[in-house]
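Structure first, then comments.
Throughout, residue positions are numbered sequentially from 1 according to the sequence presented. The model shown is predicted, which means the values in this text are computed figures rather than measured ones.
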Amino acid sequence: MSQRDAILEGTKHATRLHEILNTKRHIDRLGGRVDVFDAIIQQGSTLLFGDLKGIIGAYLKENDSPGIMVTTQRGLAVQRFTAAHELGHFYMDHEPSVDGDEIIAGDGLAGVETEANAFAAEFLAPQWLLFHHGRQQGWNAESLTDPIMVYQLALRLGLSYEAIGVTLKKQNLISAAGLQSLRAVTPKKIKRQLLPDS
């Protein structure tokens, strides 16, 4: 399977799971972000958190009982992406998988790992959810070039600033130059701008 096909497959399955879970209707009514941890439980998998000693997540299956493990040694944004990646393995009926930092970087992945990453990205930040938050905040296309607005979007979706920038680029909502401009401003610098002088 080509990289493109793997991405399309992962994206398609994430969209299907959102339809099954009625996620869009729920968020349109109540707002918020995708609850990936609840989705895992709703799909019938055990979910465990712990110090995984050098790995960030795993999808296991023993006697047809699925289980997803997520590290406690990383921040919530990484935990959420990892959980969504492992949910992708489970939902697409992949073989058990143990995953490290390579899934966060996304470089050099192939086959089912590419599928699971595409699933995670689409599951946590589908375009309709980006538009939902944009409408709620009164943002427009120009807003997505403002690092402060993008940082706020990252917080609203429970993802990292970097992940939101990449997502906006992949969904053609910003250009490659726009992504480079966002990357030139660190979250630390944005936080300093937002905090009043002390």
Side-chain angles (χ1 to χ4, degrees), residues 7 9-52 55-61 65-94 96-97 99 101 103-104 106 112-113 115-137 139 144 149-168 170-171 173 187:
I7 291 168
E9 191 70 13
T11 301
K12 176 182 80 175
H13 279 88
T15 300
R16 179 69 187 126
L17 184 54
H18 276 308
E19 290 168 2
I20 290 167
L21 296 173
N22 239 340
T23 313
K24 187 175 186 305
R25 184 169 160 230
H26 176 78
I27 288 177
D28 282 344
R29 250 184 37 239
L30 302 173
R33 60 177 71 151
V34 173
D35 189 341
V36 64
F37 305 127
D38 184 59
I40 289 168
I41 293 165
Q42 282 191 45
Q43 290 305 294
S45 175
T46 300
L47 174 62
L48 300 170
F49 292 86
D51 182 353
L52 304 182
I55 63 170
I56 63 171
Y59 162 58
L60 308 170
K61 185 167 54 173
S65 290
I68 289 174
M69 299 173 68
V70 177
T71 184
T72 54
Q73 304 306 302
R74 294 299 192 85
L76 183 58
V78 172
Q79 288 177 338
R80 285 173 43 77
F81 186 85
T82 302
H85 178 96
E86 304 308 339
L87 174 60
H89 283 312
F90 167 47
Y91 187 71
M92 293 184 282
D93 200 27
H94 293 164
S97 177
D99 296 304
D101 287 323
I103 68 168
I104 301 301
V112 296
E113 294 302 332
E115 283 183 27
N117 256 23
F119 177 98
E122 181 65 20
F123 192 71
L124 294 173
Q127 194 171 74
W128 60 260
L129 184 57
L130 301 174
F131 289 164
H132 168 84
H133 284 290
R135 281 190 307 274
Q136 295 292 312
Q137 301 306 313
W139 295 337
L144 300 179
M149 302 296 183
V150 173
Y151 181 72
Q152 289 179 19
L153 180 59
L155 293 175
R156 291 175 193 285
L157 296 181
L159 297 173
S160 70
Y161 177 73
E162 171 69 16
I164 288 297
V166 170
T167 297
L168 292 172
K170 282 184 180 176
Q171 296 198 14
L173 297 173

Taking the inter-plane angle between the rings of Tyr59 and Phe90 on a 0 to 90° scale, is it parallel (under 30°), tilted (30 to 60°) or perpendicular (over 60°)? tilted
Please name the pair of heavy atoms, one in [X] and one in [Y], separated by the smallest distance, quoted to 0.1 Å.
X: Ala77; Y: Ser160; value: CB-N, 3.6 Å
X: Gly158; Y: Arg80; value: O-NE, 3.0 Å
X: Ser45; Y: Gly67; value: OG-CA, 3.6 Å
X: Leu48; Y: Thr46; value: CG-CG2, 4.0 Å
X: Leu129; Y: Leu124; value: CD2-O, 3.7 Å
X: Trp139; Y: His133; value: CE3-O, 4.2 Å

Name the one of His94, Lys61, Glu115 that satisfies side-chain hydrogen bond (donor to acceptor under 3.5 Å, both in side chains) with His89? His94
Can you tell me how far apart [atom1] ([X]) and [atom2] ([Y]) are? Round to the nearest 0.5 Å.
X: Leu157; Y: Thr167; atom1: CG; atom2: OG1; answer: 8.5 Å
X: Leu168; Y: Leu144; atom1: CG; atom2: CG; answer: 5.5 Å
X: Thr23; Y: Leu17; atom1: OG1; atom2: CG; answer: 6.5 Å
X: Lys24; Y: Thr15; atom1: NZ; atom2: OG1; answer: 12.5 Å
X: Leu21; Y: Asp38; atom1: CG; atom2: CG; answer: 8.0 Å
X: Ile20; Y: Gln43; atom1: CD1; atom2: CD; answer: 6.5 Å

Test side chain to side chain contact (heavy atoms under 4.5 Å, CB included) applied to Glu86 and Met69, step by step: CA-CA 8 Å; Glu86 304 308 339; Met69 299 173 68; over 6 Å; no
Do Glu122 and His13 get their side chains close enough for a donor-acceptor pair, meaning under 3.5 Å? no
Side chains of Arg156 and Gln137: do they bring a donor and an acceptor to under 3.5 Å? yes
Does a side-chain heavy-atom distance below 4.5 Å link [X] with [Y]?
X: Thr82; Y: Ile103; value: yes
X: Phe119; Y: Glu9; value: no
X: Val34; Y: Ile27; value: yes

Audit row: Arg25, Asp28, side chain to side chain contact (heavy atoms under 4.5 Å, CB included) steps and yes/no: CA-CA 5 Å; Arg25 184 169 160 230; Asp28 282 344; 5.7 Å; no
Can you tell me which residue among Lys170, Gln171, His132 is in a side chain to side chain contact (heavy atoms under 4.5 Å, CB included) with Gln127? Gln171
Applying the side chain to side chain contact (heavy atoms under 4.5 Å, CB included) criterion to Phe81, which one of Ile104, Val36, Val70 satisfies it? Ile104
Test your reading of the model: is there a side-chain donor-acceptor pair from Arg33 to the backbone of Leu155, 3.5 Å cut-off? yes
